[in-house]
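Some notes on the structure that comes next.
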Amino acid sequence: MNSDSRRARFERLAPAVIDAVRRYLARRTDPATADDVLSETLLICWRRFDEMPEEYLPWAYAVARNCLANADRANRRRFRLIARISRLDPPPAAVDGPSPPDGDLAAALARMRPEDAELLRLWAWEDLTPAGIAVVLGITANAASIRLHRARRRLREELLGSVPPSSQPSSSQPSSSQPPGSQPFGENPPDSEPPRKTGPAAGHGRPTEGSRT
């Protein structure tokens, strides 16, 4: 492939790659980092364009994922440096702004392992098959399918666990076949006395005072 045809093919694919990778990054990082990582991803895609397969989106997601991991490591190093500087020269106190709302889904994903949460995002947000997920994560398609099944089950358990107890059915409610307050057949109420015996058996056969002669 000569340089002109290579460039023409890249220009045909670039809009689809840019749009997909931009959405991928927007769901995982802040806008400034997303722009930087997108630029680096496109540069790597151009340099390694000859390695790009026909199914190019999973391959491009894998490149973006590695670039984002490098950016996150750089950000952590920068934050550690800022923390050390702030201990030496602390800034004036500032009031924090309101935090964005966090729904049940986001909270459930946050409680899961990061690897499982990312796998679910690739499946639900990027609409990838297990084969495409395998390309992004660098695993086999069979492993991706198994992990996806387990991650979906785990997410379902997390979401069901976040349902308030008041909305779940209670097993302590009385049965509809037995009216409230009634006792099971053959049992006496807790505060009632046992029935008294009548007749000759009540005195075990002993005569009363009036029967003596």
Side-chain angles (χ1 to χ4, degrees), residues 7-49 51-83 94-139 141 143-145 147-159 162:
R7 184 183 184 87
R9 182 168 177 261
F10 182 80
E11 289 178 350
R12 287 195 304 270
L13 296 180
V17 172
I18 291 172
D19 186 56
V21 172
R22 179 179 285 120
R23 290 196 305 269
Y24 173 89
L25 294 171
R27 295 167 177 140
R28 291 165 173 82
T29 188
D30 60 272
T33 303
D35 289 341
D36 293 341
V37 173
L38 177 61
S39 300
E40 185 178 358
T41 300
L42 290 176
L43 181 60
I44 294 175
C45 287
W46 168 250
R47 289 174 177 172
R48 299 174 54 189
F49 188 63
E51 304 174 26
M52 183 178 288
E54 291 297 325
E55 292 291 332
Y56 56 86
L57 279 184
W59 187 87
Y61 288 145
V63 174
R65 182 171 180 262
N66 291 333
C67 292
L68 181 59
N70 292 335
D72 288 341
R73 283 192 291 270
N75 286 335
R76 287 194 294 270
R77 288 194 296 269
R78 185 169 67 252
F79 291 150
R80 286 195 294 268
L81 177 60
I82 293 173
V95 178
D96 295 334
S99 59
D102 191 10
D104 291 341
L105 178 59
L109 288 173
R111 291 192 296 269
M112 297 179 65
R113 295 195 315 162
E115 298 83 358
D116 292 340
E118 175 63 11
L119 191 146
L120 287 170
R121 294 186 187 101
L122 291 171
W123 168 71
W125 292 352
E126 319 314 331
D127 199 23
L128 292 183
T129 63
I133 294 172
V135 174
V136 178
L137 300 182
I139 58 179
S145 180
R147 286 176 54 182
L148 177 61
H149 174 74
R150 293 174 178 172
R152 290 174 62 185
R153 182 178 59 190
R154 176 62 177 162
L155 177 62
R156 183 164 54 248
E157 293 172 353
E158 289 289 347
L159 289 174
S162 65

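By convention here, the first residue in the shown sequence is residue 1.
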Taking only residues two or more places apart in sequence or in another chain, which ones pass ring pair (Phe, Tyr, Trp, His ring centres under 6.0 Å) with Trp46?
->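 Partners of Trp46 by the ring pair (Phe, Tyr, Trp, His ring centres under 6.0 Å) criterion, ordered by chain and then number, come out as Phe10.
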
Please report the shortest heavy-atom distance between [X] and [Y], naming the atom on each side.
| X | Y | result |
| --- | --- | --- |
| Trp59 | Glu51 | NE1-O, 4.1 Å |
| Leu13 | Tyr56 | CD2-CE2, 3.7 Å |
| Ala34 | Leu25 | O-CD1, 3.5 Å |
| Val21 | Ala64 | CG1-CB, 3.9 Å |
| Ala141 | Pro130 | O-CB, 4.1 Å |
| Gly132 | Pro58 | O-CB, 3.6 Å |

As an exercise, state the distance from [atom1] of [X] to [atom2] of [Y], rounded to the nearest 0.5 Å.
| X | Y | atom1 | atom2 | result |
| --- | --- | --- | --- | --- |
| Leu137 | Leu128 | CG | CG | 9.0 Å |
| Thr29 | Tyr24 | OG1 | OH | 11.0 Å |
| Thr33 | Leu38 | OG1 | CG | 12.0 Å |
| Leu109 | Arg154 | CG | CZ | 11.5 Å |

Step by step, would you call Ile44 with Asn66 a side chain to side chain contact (heavy atoms under 4.5 Å, CB included)?
-> CA-CA 11 Å; Ile44 294 175; Asn66 291 333; over 6 Å; no

Please identify each residue that fulfils side-chain contact (heavy atoms from CB on, under 4.5 Å) with Asp72, with sequence neighbours left out.
->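 With sequence neighbours excluded, Asp72 shows a side-chain contact (heavy atoms from CB on, under 4.5 Å) to Leu68, Asn75, Arg76, given in chain and number order.
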
Results of salt bridge (Lys or Arg N to Asp or Glu O under 4.0 Å) for Asp19 - residues two or more places apart only =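 Residues passing salt bridge (Lys or Arg N to Asp or Glu O under 4.0 Å) with Asp19: Arg23.
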
Could I get the full list of salt bridge (Lys or Arg N to Asp or Glu O under 4.0 Å) partners for Glu115, not counting sequence neighbours?
->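 By the salt bridge (Lys or Arg N to Asp or Glu O under 4.0 Å) rule, Glu115 matches no residue at all.
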
Close side-chain approach of Leu155 and Met112, heavy atoms under 4.5 Å =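 Result yes, sub-4.5 Å side-chain heavy-atom pair found.
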
Kindly determine whether Arg65 and Arg28 satisfy side chain to side chain contact (heavy atoms under 4.5 Å, CB included), including the steps that lead there.
-> CA-CA 10 Å; Arg65 182 171 180 262; Arg28 291 165 173 82; over 6 Å; no

With sequence neighbours left out, what residues match Asn70 under side-chain hydrogen bond (donor to acceptor under 3.5 Å, both in side chains)?
->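 So Asn70 forms a side-chain hydrogen bond (donor to acceptor under 3.5 Å, both in side chains) with Arg73.
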
Donor-acceptor under 3.5 Å (Thr41 side chain, Val37 main chain) |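 Yes.
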
After noting the C-alpha distance and the side-chain angles of Asp116 and Leu148, does the key distance pass the side chain to side chain contact (heavy atoms under 4.5 Å, CB included) rule?
-> CA-CA 8 Å; Asp116 292 340; Leu148 177 61; over 6 Å; no

Scan for salt bridge (Lys or Arg N to Asp or Glu O under 4.0 Å) pairs involving residues 30-40, sequence neighbours excluded, and state none if there are none.
->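 Those involving residues 30-40 do not exist here.
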
Derivation of the side chain to side chain contact (heavy atoms under 4.5 Å, CB included) call for Ile133 and Arg147 = CA-CA 10 Å; Ile133 294 172; Arg147 286 176 54 182; over 6 Å; no

Can you name the one residue among Arg22, Arg121, Arg27 that meets salt bridge (charged side-chain N to carboxylate O under 4.0 Å, His left out) with Glu126?
->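 When Arg22, Arg121, Arg27 are each tested with Glu126, the salt bridge (charged side-chain N to carboxylate O under 4.0 Å, His left out) holds only for Arg27.
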
